[in-house]
Amino acid sequence: MLLVLGRRVSLSFVKRVIPQDPVLLSKPILQNFRTIQFRVIHSSTVFAIATRQNTDTMPERRPFVRLPTDVYPVNYGLCLKPDLIDFTFEGKLEAIVEVNLATNQIVMNCADIDIITASFVPEGGEEINATGFNYQNEDEKVTLSFPSALQKGSGTLKIDFVGELNDKMKGFYRSKYATPAGEIRYAAVTQFEATDARRAFPCWDEPAIKATFDISLIVPKDRVALSNMNVIDRKPHPEDDSLLEVKFATTPIMSTYLVAFVIGEYDFVEGQSSDGVTVRVYTPTGKAEQGKFALEVAVKTLPFYNDYFNVPYPLPKIDLIAIADFAAGAMENWGLVTYRETALLIDPKNSCSSSRQWVALVVGHELAHQWFGNLVTMEWWTHLWLNEGFASWIEYLCVDHCFPDYDIWTQFVSADYTRALDLDALDNSHPIEVNVGHPSEVDEIFDAISYSKGASVIRMLHNYIGDEDFRKGMHSYLLKFQHKNAATEDLWDCLEQASGKPIALVMSSWTKQMGFPIIVVDQEQQGDDRILKISQKKFCASGPHNGEDCPNWMVPISICTGEDPGCTKLKVLLDSPETTITINNVSPDQWVKINPGTVGFYRIQYSSAMLESLLPGIRDLTLLPVDRLGLQNDLFSLSRAGMISTVEVLKLMEAFVNEPNYTVWSDLSCNLGVLSSLLSHTDFHEEIQEFIRDLFTPIGLKLGWECKQGEGHLDALLRGLVLGKLGKAGHKPTLEEARRRFKDHVEGKQILSADLRSPVYLTVLKHGDSATLDTMLKLHKQADMQEEKNRIERVLGAISAPDLIQKVLTFALSEDVRPQDTVSVIGGVAGSSKHGRKAAWKFVKDNWEELHNRYQGGFLISRLIKVKAPGHCIQCISKVSRPLDFFHILLHYSLILKWIK
């Protein structure tokens, strides 16, 4: 499953605030700067908070016992009949089960379902009716009691039941959509991961309890019915000629959370992969054209994974379908992958470049799960990180194969790698691998540590092993455990056998303890050799780790030199606190860089001399973009932690004067935004805006507003980034042009290109009034495409007036905003300004009952809290024990100005 985690908040919405004139700062303020501690609370926002001992007592975890193993399923024969008018469904289950141990009761998972009758038919015996159903609602279980013991052997469990097509976007639920004529109708769809199959039918809802499934659906004859497998029979229902009974082929053995069914109105486009698999993309009626891009990606992706894993895709078909109301980004149900509309549909004329890239990544992510997660499944939710971390890594490998012009691995470093470093440096981080007891804890670990850090350490592992041995190990793992369950250690064993390297020992240091090291490097020239002194210690966002129990990691270290920046000259495994390395034949004038490709999951602190030697490689672009990005990101992070002077950061910034790369600009801009937002509530607002205008004007002038011949995907992304920054900062020429283009767009004279809409919408809203907001809401109502609605929803929070902010928050809970998108609207307000954060937090508190009822404790409610709560807790200046030297920004403003000019 792919969550909409906001991998990196769009730079259009990050405030950048840096004072221009140091003489404007009073002495008391400078004194306060010396005592600020800056800590990242969320990936997109930085807050200054008081250091305090965490003495809060964690609530005790609920006791949890997994299902007994005396009875387990072999095959589920399941027939469901949804009512799309009354939002209920009827179900019949005939499950072939094996009784391992004589028992007079069967314990299953069951939630929000009423069992009508239940019986057990032993093989060759007489039917035994259940005498009682004991629901344990808190544990989402039901115990079926029988008058006598069920004897060891095979039998059939029969259950008739009814349930509700809920509106909570989990289990078997209803999804609202409008027909092309504007009529409101409902589809019946599913979302079972992690533990919601039990809301559709009584089952053994644990990933290790696998079985096959024979699914039948009784549906209106004018509706499309889909499930994991292909249709093998379709016939009129004997009791109602307006209904059809649709029967699907038997599935492979699989976990309950991967079962899926959809009943609704859809069009589709179809293709076939080079290895003979039928691929369909289902779209809302009348929008089949918007499924063609995802189809193109899927048809390329299946053969890529077939070849990479050297294991064929085991099903005859795969369907990708856009669901109107969908909480996650997408879900990897075997053979029937469900998506948010914005994660699957691309309009050739109205979709922007970033949306195309997002769709490619999400399709790559979910199709990877067809092998890694579906064919081989985690034994328990403790190993969820491996499922998601692996898919979050290989989706980039896939997109790089399909679209090499995206420079996607550089974007990975900005979107996932650095985000994971920021979050994992916090005191309240957690290890990648978390022991999960009660399934209610699963939603807590669907986070950026599981996804982004998981992906980053898999990427590091792949680099450490080498692609050939990594693929051999993966092939061995998939063959050994296909149609079975596995734990993290099983993969390490296979990779260790393939590579001959101590994989389990290395990886346990990265998965079983939170955090990561900072690698401290100094050098000495001895003749033609370069001697490097390397040490590791835990990196903390709050400053150096000074505890007695300093953890160590087994760190794969790669080294390159200025002679060939793209080639690794030496690889070592740092398995101790410090070591000395000799690199032969390195002349005194050559620079040496650690971690080429920014692959190792750690920060680096160079000596001043080493850092100085790397600056020419940034200026003349000799260093690869991913390494230029990594260098500045490390320095910003060290500066925020108070470990180096900000002067060193500013000297590095000066070297980026010729920077052409979108991702480097994006990350540099993001880091500057983090620094400047710390000062956003001071008296230097206009000076700050001037700094931003000066910073972005040269690249803005170079890019202009119109796409030029020969430009590609990354140029479009960079133009949107730069124009959004200039417009938000009040750059007059950009503001005037944005208003002109917006007026022409609204009046239908000249429709804005998709790549310009976000920066233009942001600019006019930031400097707009109630009429601007009304116009934007009108555009939202008129939009036929969910991508356009979401584009508008994300920028509404930029409006400045308090009464208009309140209007946006009210809009967030209106019928015009899909339930899964309410969080984004409120988040846009919370991220816009100090007043916006306070207003959003009050709004969440005032409407908590409605929000909680809407999301019912799922991951959307936790995302809502993560996005909003920290803003309420902001303390811009707090006294703490150790100083930070951010005031050096002010003292060295001339250096910044020199770089800009």
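Keep in mind it's a predicted model, so treat the numbers as computed, not measured. Scope of the values below: all heavy atoms of this structure, side chains included, with no hydrogens, waters or symmetry mates.
T775 places a side-chain N or O within donor-acceptor distance of the main-chain N or O of A771, the cut-off being under 3.5 Å. Not one N or O on the side chain of D400 forms a donor-acceptor pair closer than 3.5 Å with the backbone of I408. In this structure, S351 contributes its side chain and D347 its backbone to a donor-acceptor pair below 3.5 Å. Formation of a donor-acceptor pair under 3.5 Å by the T598 side chain with backbone atoms of V626 is found in this model. Side chain of Y606 to backbone of I594: a donor-acceptor contact under 3.5 angstrom is found. Using a distance-only test at 3.5 Å, with no hydrogens or angles considered, no donor-acceptor pair links the side chain of R419 to the main chain of S414. Remark: side-chain polar atoms of S637 are not paired, donor with acceptor, to backbone N or O of D634 under 3.5 angstrom.
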Inset, instruction - Starting from the C-alpha separation in whole Å, work towards a yes-or-no answer on side chain to side chain contact (heavy atoms under 4.5 Å, CB included) for V760 and W705. - result: CA-CA 11 Å; V760 168; W705 282 84; 3.7 Å; yes

Inset, instruction - Might you work through the salt bridge (Lys or Arg N to Asp or Glu O under 4.0 Å) test for R740 and E736, ending with a clear yes or no? - result: CA-CA 6 Å; R740 184 189 70 78; E736 289 170 1; over 6 Å; no

Legend entry - Trace of the side chain to side chain donor-acceptor pair (under 3.5 Å) decision for Q357 with H713: CA-CA 9 Å; Q357 179 176 299; H713 175 77; 2.7 Å; yes

Legend entry - Step-by-step side chain to side chain contact (heavy atoms under 4.5 Å, CB included) determination, L796 to L777: CA-CA 9 Å; L796 289 175; L777 293 177; 4.0 Å; yes

Inset, instruction - Would you sort out whether S456 and W393 count as a side chain to side chain contact (heavy atoms under 4.5 Å, CB included), showing the intermediate values? - result: CA-CA 7 Å; S456 297; W393 166 74; over 6 Å; no

Inset, instruction - Take E787 and S355 through the test side chain to side chain donor-acceptor pair (under 3.5 Å) and record every step on the way to the result. - result: CA-CA 8 Å; E787 178 188 327; S355 292; 3.1 Å; yes

Inset, instruction - Quick one: do Q411 and T663 satisfy side chain to side chain donor-acceptor pair (under 3.5 Å)? Show the steps, please. - result: CA-CA 6 Å; Q411 295 194 60; T663 313; 4.7 Å; no

Legend entry - Stepwise side chain to side chain contact (heavy atoms under 4.5 Å, CB included) check, V521 with I519: CA-CA 6 Å; V521 193; I519 305 299; 4.0 Å; yes

Inset, instruction - Mind running side chain to side chain donor-acceptor pair (under 3.5 Å) on S824 and D821 for me, showing each step along the way? - result: CA-CA 5 Å; S824 298; D821 298 320; 4.9 Å; no

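Side-chain contact between C560 and W591 is present, with at least one heavy-atom pair separated by less than 4.5 Å. A heavy-atom distance below 4.5 Å is not found between the side chains of I559 and K569. Between N595 and I604 the shortest side-chain heavy-atom distance falls below 4.5 Å. With a 4.5 Å cut-off on side-chain heavy atoms, H767 and R739 count as touching. Contact check for V764 versus M776: side-chain heavy atoms found under the 4.5 Å cut-off. Counting heavy atoms from C-beta on, the side chains of N661 and L621 never come closer than 4.5 Å. Looking at S354 and L717, their side chains come closer than 4.5 Å, going by heavy atoms from C-beta outward. Within the 4.5 Å cutoff, the side chain of N790 has no heavy atoms near those of the H780 side chain.
Atoms CD1 and CG, from I799 and L773 in turn, are 5.0 Å apart once rounded to the nearest 0.5 Å. In this structure, the separation between CG on L752 and OH on Y761 is 6.0 Å, given to the nearest 0.5 Å. Atom CD of Q523 is separated from atom OG of S607 by 5.5 Å, given to the nearest 0.5 angstrom. To the nearest 0.5 Å, atom CZ of residue R603 and atom CE of residue M643 are 11.0 Å apart. Between atom CG of residue L635 and atom CD of residue Q605 there is a gap of 8.5 Å, rounded to the nearest 0.5 Å. Note: K702 NZ to T697 OG1 = 15.0 Å, rounded to the nearest 0.5 Å.
Under 4.0 Å is where a charged nitrogen must lie from a carboxylate oxygen, and between E793 and K789 no such pair does. A salt bridge is defined here as a Lys NZ or Arg NE, NH1 or NH2 lying under 4.0 Å from an Asp or Glu carboxylate O, and R791 with E788 meets this definition. A salt bridge is absent between D774 and K778; no separation between the charged side-chain nitrogens and carboxylate oxygens falls under 4.0 Å. Comment: E706 engages R741 in a salt bridge, judged by a side-chain N to carboxylate O separation of less than 4.0 angstrom. Comment: R640 engages D422 in a salt bridge, judged by a side-chain N to carboxylate O separation of less than 4.0 angstrom.
Between the side chains of Y396 and D416, at least one donor N or O sits under 3.5 Å from an acceptor N or O. Looking only at atom types and distance, the side chain of D407 has a donor-acceptor partner in the side chain of T410 under 3.5 Å away.
The two residues V413 and R459 come nearest to each other via the heavy atoms CG2-NH2, 3.8 Å. Shortest non-hydrogen contact noted between L615 and A655 is O-CB, 4.0 Å. For V599 against N463, the heavy-atom pair with the smallest separation is CG1-CB, 3.5 Å. In terms of heavy-atom proximity, K593 sits nearest to D627 at NZ-OD1, 3.4 Å. Between S800 and K766 the shortest heavy-atom distance is OG-O, 3.4 Å. Minimum interatomic distance between D755 and S353 (heavy atoms only, all atoms of both residues): OD1-N, 2.7 Å.
For the side-chain contact (heavy atoms from CB on, under 4.5 Å) test, residues two or more places apart in sequence or in another chain that qualify with E711 are C707, K708, D715, R719.
Ring planes of F403 and Y406: parallel class, angle under 30° (limits at 30 and 60°).
Ring centroid separation for the pair W665 and F696 comes in under the 6.0 Å cut-off. Aromatic ring centres of Y602 and F516 lie farther apart than the 6.0 Å criterion allows.
Surrounding CD of Q590 are more than 12 heavy atoms belonging to other residues, nucleotides or ligands, all under 6.0 Å away.
A cation-pi arrangement is found for R356 relative to F293, the charged atom lying closer than 6.0 Å to the ring centre and inside a 45° cone about the ring normal.
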